[in-house]
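What follows is a single structure, written as structure tokens, with notes after it.
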Amino acid sequence: MFIFVPMRKKILVVEHDEDILNVVTMILEGEGYSVIQSRTEFGMIDKIINEKPDVVILDIVKITAEGTALCNAIKETEETKDIHVIVFSTHPEIKSKQIDCADEVITKPFDVFEMIKVVETRLMA
């Protein structure tokens with residue numbers, strides 16, 4: 001008899017603050033997701049290509065070319081362009097600024113239920 005066990009959805013969280021990274025990981029794992037953690041953007045395109053996450057949650061500190069470089073690279077790279085990117089940011093103008101690479105933007109501090117809803121919505125898209 002064959003029993004089908006669905007694969008857990010994989011989420012890559014790139015967050016500079018270790019405490020926030022650990023809290024987000026705990027929340028997402030509690031929801032049944034597999035979480036890959038990173039505190040830096042360095043080498044992330046290769047990691048994203050190799051790990052093939054379903055969603056990337058990305059901390060953006062500054063809304064500048066440097067600050068959004070990884071987000072843009074994800075959407076401009078053939079192997080990663082279809083991966084959903086959710087941006088986390090404390091930047092005061094994050095909601096009013098246009099971040100073309102982001103599928104969704106969540107302001108920090110964030111509401112846990114909003115984050116889960118946004119992740120679920122992106123996974124269904």
Side-chain angles (χ1 to χ4, degrees):
M1 174 181 222
F2 178 75
I3 299 174
F4 175 73
V5 178
M7 287 183 51
R8 293 180 1 171
K9 295 292 184 177
K10 194 183 305 184
I11 301 173
L12 170 64
V13 181
V14 182
E15 170 59 55
H16 299 101
D17 183 290
E18 186 173 4
D19 291 333
I20 294 173
L21 179 62
N22 290 332
V23 167
V24 170
T25 298
M26 182 183 69
I27 292 165
L28 293 172
E29 286 178 344
E31 292 294 313
Y33 300 111
S34 173
V35 179
I36 306 160
Q37 295 182 329
S38 180
R39 290 194 53 219
T40 179
E41 295 91 349
F42 182 75
M44 275 299 107
I45 285 296
D46 289 336
K47 186 169 188 124
I48 293 168
I49 291 169
N50 291 330
E51 293 286 345
K52 298 176 182 53
D54 298 288
V55 172
V56 174
I57 297 177
L58 177 60
D59 179 27
I60 292 184
V61 178
K62 297 180 181 176
I63 309 172
T64 62
E66 181 181 285
T68 59
L70 177 57
C71 186
N72 287 316
I74 292 169
K75 293 302 184 177
E76 293 168 359
T77 302
E78 186 62 32
E79 298 91 339
T80 62
K81 68 180 182 181
D82 295 325
I83 295 174
H84 298 287
V85 178
I86 300 169
V87 167
F88 265 179
S89 185
T90 57
H91 193 283
E93 297 177 10
I94 193 72
K95 287 285 191 178
S96 63
K97 296 282 186 182
Q98 182 67 29
I99 301 179
D100 295 332
C101 58
D103 295 297
E104 298 278 349
V105 175
I106 298 175
T107 56
K108 292 192 285 186
F110 61 92
D111 178 277
V112 171
F113 299 108
E114 175 192 5
M115 180 191 69
I116 293 167
K117 181 180 175 187
V118 168
V119 168
E120 289 174 351
T121 300
R122 285 289 127 201
L123 287 171
M124 290 188 289

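Counting begins at 1 with the first residue of the sequence. FYI, side chains are in, hydrogens and waters are out, and symmetry mates aren't considered; it's all heavy atoms of this structure. Since the structure is predicted, the reported quantities are computational estimates derived from the model, not experimental observations.
- Applying the 6.0 Å contact sphere to NZ of Lys117 captures no more than 12 heavy atoms from other residues, nucleotides or ligands.
- Under a hydrophobic-cluster definition in which Ile, Leu, Val, Met, Phe, Trp and Tyr are linked whenever side-chain heavy atoms come within less than 4.5 Å, directly or via other members, Leu123 and Val13 are assigned to the same cluster.
- At a threshold of 4.5 Å between non-hydrogen side-chain atoms, the residues Phe42 and Lys47 do not count as touching.
- Side chains of Asp59 and Asp17 form no contact here, defined as non-hydrogen atoms less than 4.5 Å apart.
- In this structure, Met115 and Phe110 approach most closely via the heavy-atom pair SD-CE1, 3.8 Å.
- Taken together through direct or relayed side-chain contacts under 4.5 Å among Ile, Leu, Val, Met, Phe, Trp and Tyr, Val23 and Val118 form part of one hydrophobic cluster.
- Without hydrogens or angle criteria, Asp54 side chain to Lys10 main chain gives a donor-acceptor distance under 3.5 Å.
- Contact between Ala102 and Cys71 at its shortest, heavy atoms only, is N-SG, 3.7 Å.
- The side-chain heavy atoms of Lys108 and Ile20, taken from C-beta on, include a pair separated by under 4.5 Å.
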query = Arg39 and Leu21: side-chain contact (heavy atoms from CB on, under 4.5 Å), yes or no, with the steps?
reply = CA-CA 8 Å; Arg39 290 194 53 219; Leu21 179 62; 3.5 Å; yes
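- Remark: side-chain polar atoms of Ser89 are paired, donor with acceptor, to backbone N or O of Ile60 under 3.5 angstrom.
- Within the 4.5 Å cutoff, the side chain of Ile57 has heavy atoms near those of the Val119 side chain.
- In summary, of the residues considered (Thr107, Val24, Leu58), a side chain to side chain contact (heavy atoms under 4.5 Å, CB included) with Phe88 occurs for Val24 alone.
- Tracing side-chain contacts under 4.5 Å through hydrophobic residues (I, L, V, M, F, W, Y), one reaches Val112 starting from Leu28; they form part of the same cluster.
- The only option from Ile83, Ile11, Ile86, Val85 that meets the side chain to side chain contact (heavy atoms under 4.5 Å, CB included) definition with Arg122 turns out to be Ile86.
- Minimum interatomic distance between His84 and Lys75 (heavy atoms only, all atoms of both residues): CA-NZ, 4.2 Å.
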task = Please report the C-alpha distance between Glu51 and Met44 in whole Å, then the side-chain angles of each, then the deciding distance to 0.1 Å, and finally whether the side-chain contact (heavy atoms from CB on, under 4.5 Å) criterion is met.
result = CA-CA 10 Å; Glu51 293 286 345; Met44 275 299 107; over 6 Å; no
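- Between the Thr77 side chain and the Glu79 main chain, no donor and acceptor come within less than 3.5 Å of each other.
- Taking the side chain as every heavy atom from C-beta outward, Glu18 and Asn22 approach each other to under 4.5 Å.
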